[in-house]
Every structure is written in structure tokens, then in C-alpha cells.
Protein chains: 2
Amino acid sequence: MKRDSRLSSVLHALLHMAANDGPMTSEALAHCMHTNPVVVRRTMAGLREAGLVRSEKGHNGGWTIACDLSEVTLRDIHMALGEPAVFAMGNRNETPECLVEQAVNAALDDTFHEIETLLMERFGRLTLAQLAEDFARRLAAYRQKMGNEQNAI
Amino acid sequence: MKRDSRLSSVLHALLHMAANDGPMTSEALAHCMHTNPVVVRRTMAGLREAGLVRSEKGHNGGWTIACDLSEVTLRDIHMALGEPAVFAMGNRNETPECLVEQAVNAALDDTFHEIETLLMERFGRLTLAQLAEDFARRLAAYRQKMGNEQNAI
DNA sequence: TTTCATGTAACTTTACATATTACATGATGG
DNA sequence: CCATCATGTAATATGTAAAGTTACATGAAA
């Protein structure tokens, strides 16, 4: 598995929650995502702290969306997850004395910083509502092709 | 240590080689980079295969630059290294049956692909010669400030 | 008061770059 | 020729961070 699929995971979870009335348990979400309820709780914790979702204990408890899907972007989700590292590459040594390495670091830092900014802008233009719409389109196409089964979710 | 500092490492090595007449041994490069000669050989192997550097065995052997620094860009280096993964994030499951996950993957794939293209364009505009010039500027500034010691490399 | 569900700490597993060890190959100088 | 230097590479170990697992505490609702 690739490293750090948290963004992918929570987006998947959020869209399932959006397609569902009422709360979804960590167990149910874990089942959708072929993982463990504890992983779900751990990963979703950041979104709860950011106020994007709510969690309730006890009977009929679970996770519910607490935001407007058209107002929340992937950038918000990324931030709620604690802004994990975007790039798999980095400097070998962040505080080199060697002037050669300082020049290399400066060039790479500039580049990666600039590109990360572009990524964040791109994320900032992608709302959860857009993802949900794309899913709806895929579901419609699937139903048209396959008949009317419900097992696409 | 952050993951995958190979690009940073080989750039550091190349600039040291550029600043040196005659071949540099893996041992010498490893000393500059605070690592092991075997790591140097392994990392530089891709550059050799791409024809960017040459290596010679025996007495007076070692690594030499085999390209025009003003013609080679970071993109060439990245490719010579085997185009390692750029992003630390990725999809949880690359071939999902779930339509929700397919929609999420499609959005993330598009985004990351677009941003990776921008990064490669940026890399393609950054030559080794530019890095070497920046190092030269830093060295001049250092000498002006510190006197004329030679130990900046 | 039992059951359901989350919250979280502690620990294990997995993946991957990096580090290390060991040994083969080949070039050069004497 | 051969001792030495240097690369080439396979095999193995280590470090790190996400993901997975186990265990148990907390709190809400039937």
C-alpha cells in the first residue's frame, strides 16, 4: 500500500456519509474501506476537531457530517488531517554547513514550496459537493448500464 | 530522516564533482554527504546509466561528470534516478469496485497528475549550471564575510 | 443495567529508503 | 605478475512512519 492514504480514506468516508441518512458507525465505514474501526476513528478525529463531522456514542451513534459540502474543500480536509507531508522527497540534511548543499537545498525548497502552494490552491477549488456530484454521475451511469441494483455503494 | 533524499543527494554530489578537477571517489563523495560509499555508488548508478556521469575503477578512478551542466536539468536527474514517487500521499486502493472510491480516486489522480506535470516543468527549467552559479555566489559571499578560508566546500 | 458505540493508549506489522557487510570485478602502478 | 585501489552488487540490517490490532475506559440509549 502506498504511504499515507488518509486523505483518500476520509474523502471516501465522507462521501459514504453524505449518501447515507443518519449516522454511520466506525464499523460500517471500516467495512466500506476494508479496514479497522480503530483506524477510522483515529483518522476521522482530526475532522471532528475541525468541526467538519460529529461523532456520537451509544445506540444510534456514529459519524455524521457537520458541514456544508459545497463550502468545504480538499484543502480544508488536508488541514484537518494536520497537513501531512505532501512530497515523498526532501533534503538529505536540513541544516547543512556545506555551501554546496545549502545551494541545493535552497533550490529544492523553493521549488517544492511553490508547487505545494499550487497544490493547495487546486485543493482549495475542489469541494466535497463536486466529488459527490461526480459520484452521482458515476452511479447514474452504472445503473443505466447494469439495471437498477443498489449494490454500487 | 525524511524519505527519499536521493535527488538532493546526487545534486550535492554533482556540484562537488563540478567544483573539483579530476575524478572523485565514492569514498570522498560519501564523506561530503556524511554517508557510505556504497550508498553513493548505488544512488549514482542511475546517473551513470543515463550517461550523465562516468565511473572508473582502479588508481585515480572515481566519478566524473560526463555532461554539459547547462544542458542538464533537474528533470533529467529525476528521470535518471528512475522517476521515484513525487508525492507522499496516494489512493488507499488503486482498483476499487466502490463507485464512491472511484470518484475520489479520479479526482485525486487528476489533481496529483496535473501538479506533478507542473513540478516536472519546473524541474525542466532548472539546470545544474544554475545550481552551480548559485553555489558560486554563496561561496563568494562566504569568502567576503569570513576571509579567504578554503573549507567552505 | 446491559448494550452499543466512540476515545485512546500501547503494541505489532508493513513498506521503503538508508546503512552496512561481504565479496567479486577490473584498472593501475611498481 | 601482483598488490592496491576503486567500483559493482547482492544480501542483510536499521530507522521511520502509516496502517493494523488489541485492550480497555467512557458515555449514551434502550
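Here is how names work: the chains are called A, B, and so on, in the same order as the sequence lines, proteins then strands, and each is numbered from 1.
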Rounded to whole Å, how long is the line connecting atom [atom1] of [X] with atom [atom2] of [N]?
X	N	atom1	atom2	result
B:M44	C:dT18	CE	C1'	17 Å
A:R48	D:dG27	CZ	P	14 Å
B:F87	D:dA18	CZ	C1'	19 Å
A:W63	C:dA5	CH2	C1'	11 Å
B:L47	D:dT7	CG	C1'	15 Å
A:D4	C:dC16	CG	P	14 Å

Which atom of [X] lies closest to which atom of [Y], heavy atoms considered:
X	Y	value
A:M89	B:V86	CE-CG2, 3.7 Å
B:P37	B:A30	N-CB, 3.4 Å
B:L74	B:L7	O-CD1, 4.5 Å
A:A88	B:A85	CB-O, 3.5 Å

Both B:M24 and A:R42 contact DNA chain D. Which one's nearest nucleotide lies toward the 5' end?
B:M24
Please compare B:E49 and A:T43 by the position of their nearest nucleotide in DNA chain D and report the one closer to 5'.
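Result of the comparison: B:E49.
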When A:G61 and B:R6 are each assigned the nearest nucleotide of DNA chain C, the 5'-most assignment goes to A:G61
For residues A:L69 and A:L47: do they belong to one hydrophobic cluster (side chain heavy atoms under 4.5 Å, members Ile, Leu, Val, Met, Phe, Trp, Tyr)?
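Per the 4.5 Å side-chain linkage, A:L69 and A:L47 are co-clustered.
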Can you pull out every side-chain hydrogen bond (donor to acceptor under 3.5 Å, both in side chains) where at least one residue sits in residues 102-114 of chain A? Sequence neighbours excluded, please.
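Every pair satisfying side-chain hydrogen bond (donor to acceptor under 3.5 Å, both in side chains) with a residue in residues 102-114 of chain A: A:N91-A:D109, A:T111-B:R122, A:E114-B:R122.
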Suppose the criterion is ring-ring contact (aromatic ring centres under 6.0 Å, His included): which pairs have a residue in residues 34-88 of chain A, not counting sequence neighbours?
A:F87-A:F112, A:F87-B:F87
Please check the phosphate of [N] (OP1 and OP2 only) for any side-chain N or O of [X] closer than 4.0 Å.
X	N	answer
A:S5	D:dA19	yes
A:R3	D:dA19	no
B:T25	D:dT7	no
A:S55	C:dT6	no

Walk along nucleotides 21-30 of chain C from 5' to 3' and tag each nucleotide B, S or - by protein heavy-atom contact under 4.0 Å, base first, then sugar-phosphate.
BB--BBBB--
Mind checking A:R54 for me? I need base, sugar-phosphate or nothing, with any heavy atom below 4.0 Å counting as a touch.
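Counting heavy atoms under 4.0 Å across all strands, no contact is made by A:R54.
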Sugar-phosphate, base or nothing in reach of A:T35, heavy atoms under 4.0 Å:
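Result for A:T35 = sugar-phosphate.
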